[in-house]
Amino acid sequence: MAKEKMVNYDIKDINLAPQGKQRIEWADREMPVLRLIRERFEKEKPLDGIRIVACAHVTTETANLVRTLQAGGAETVLIASNPLSTQDDVAASLVEDWKVPVFAIKGESTDDYMRHVRTALETNPNIIIDDGSDVVATMVKERRELTEKIIGTTEETTTGINRLKAMQKAGLLNFPSIAVNDSQTKHLFDNRYGTGQSTLDGIIRATNILLAGKTFVVVGYGWCGRGVAMRARGLGANVIVTEVNPIKAIEAVMDGFRVMPIAEAAPLGDFFVTVTGNRHVIDKHHFELMKDGAIVCNSGHFDIEINLEALREMSEPPIIRRPFVEEYRIRNANKSIIVLGEGRLVNLAAAEGHPASVMDMSFANQALSVEYLVKNKGKLAPGVHVLPEEVDREIASLKLKSMGISIDTLTPEMIEYMSSWEIGT
Ligand code: ADE
């Protein structure tokens with residue numbers, strides 16, 4: 001009789017596995033591109049013997065990525081990329097049904113979160129799949145000797161890529177890293193349509209407040225901000241955008257949004273969503289200007305965008321009104337500010353993150369980046385790389401095919417015209 005594989009883990013409750021398995025398989029129905037990669041990996045085993053640490057939001061979609069890596073022959077340890085985003089039933093099913101070591105509990109403390117990062121690094125990974133760069137930064141700071149065995153890393157987020165570029169500038173990146181976020185099939189869809197839908201989903205699940213007719217302030221007009229603004233408008237909100245980049249600000253204006261400084265938007269907003277990747281974009285003086293009952297939340301990677309320390313100093317201890325809804329009564333001001341999801345990613349804290357259909361393309365990029373790193377072991381220069389454009393286009397083609405949509409191809413005449421200079425007016 002085959003011996004049962006022993007798996008180390010730190011999760012909430014293994015008995016949640018049956019529900020997690022149902023939900024993982026449900027998400028898989030919407031992930032046809034990743035499924036095709038999984039079927040190929042199953043046959044070709046391109047990741048045989050590779051040890052991976054994956055730091056990601058522990059969701060049904062991530063479970064399907066981990067299944068894909070496992071099908072390719074990799075040993076993967078999964079840890080959470082955010083203390084509040086773990087789906088405990090998914091963690092249980094990965095341990096029970098797929099024998100994946102998972103270290104993630106929804107609501108874990110920052111200390112436990114960091115303990116899980118360090119435990120995962122103990123496995124001497126060859127590849128790190130990171131989401132925000134906490135694992136890579138910890139390895140570079142505390143376990144520099146491990147970088148010698150690293151084939152490469154991949155990074156899911158804009159925030160994480162900024163950190164990698166800062167490490168590169170400081171001369172600390174002695175391995176290649178694939179900026180998955182820079183693939184077009186990642187940021188154009190995940191950041192825009194994924195963050196757009198799931199942020200509104202988180203706000204609505206947390207508050208159950210009608211958005212129609214409300215003033216909704218989107219702080220930051222990158223791809224995430226565009227998605228949030230577009231979907232808030234679709235629900236009938238009156239959307240204001242704030243920006244620091246003049247080009248993005250003109251885009252927001254021409255997309256039909258009101259644009260103004262955050263200090264002007266502060267007294268007007270019923271809802272505020274931060275999606276800048278920067279620190280304290282909503283600060284003490286903005287809280288002072290906000291109206292009673294203003295609802296503030298964040299959909300950027302880290303919980304640094306809203307200055308919650310300042311809000312805590314200005315307020316009575318918060319009252320929990322509903323799950324993920326805290327009311328801060330401001331002292332001597334006769335008003336409250338409402339914070340959702342403790343200022344962490346509201347779409348993952350109060351909802352389930354991006355729907356599977358967009359994560360299909362993001363995680364196809366992740367799986368193919370890992371394969372690319374392994375295939376090109378020792379050949380890629382240290383530093384930040386982008387996945388080749390043909391891989392990006394292949395992911396898009398497979399997605400279109402799965403949607404039953406076909407498109408045109410260039411005719412020989414078009415190709416000739418595109419490569420010539422003689423024909424003009
Ligand atoms: N990031 C945003 N949404 C996600 C999801 N559903 N799974 C994993 N990572 C995510």
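The analysis underlying the following values was restricted to heavy atoms, covering all of them including side chains, and did not include hydrogens, waters or symmetry mates. Note that ligands are numbered from 1 as they come in the structure, with each ligand's atoms numbered from 1 the same way.
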> Sequence neighbours excluded, which residues qualify as side-chain contact (heavy atoms from CB on, under 4.5 Å) partners of Lys149?
Replying inline: none
> Is it true that Glu155 and Arg163 have a side-chain N and a carboxylate O under 4.0 angstrom from each other?
Replying inline: no
> With no hydrogens and no angle check, is any side-chain donor or acceptor of Arg144 less than 3.5 Å from a backbone partner on Met139?
Replying inline: no
>> Here's one to test your reading of the geometry: is the NZ or CZ of Arg23 within 45 degrees of the ring axis of Trp26 and under 6.0 Å from its centre?
In response: no
> Within the distance-only criterion (no hydrogens, no angle test), does the side chain of Asp392 pair as donor or acceptor with the backbone N or O of Gln184 below 3.5 angstrom?
Replying inline: yes
>> Taking Arg115 first and then Asp112, would you say they form a salt bridge - that is, a charged N and a carboxylate O separated by under 4.0 Å?
In response: yes
Contacts table for ligand 1: protein N or O within a distance under 3.5 Å of ligand N or O, distances only.
unit_1	atom_1	unit_2	atom_2	d
ligand 1	3 (N)	His354	N	2.8
ligand 1	3 (N)	His354	ND1	3.4
ligand 1	6 (N)	Glu61	OE1	2.9
ligand 1	6 (N)	His354	N	3.4
ligand 1	6 (N)	His354	O	3.0
ligand 1	7 (N)	Thr59	OG1	2.6

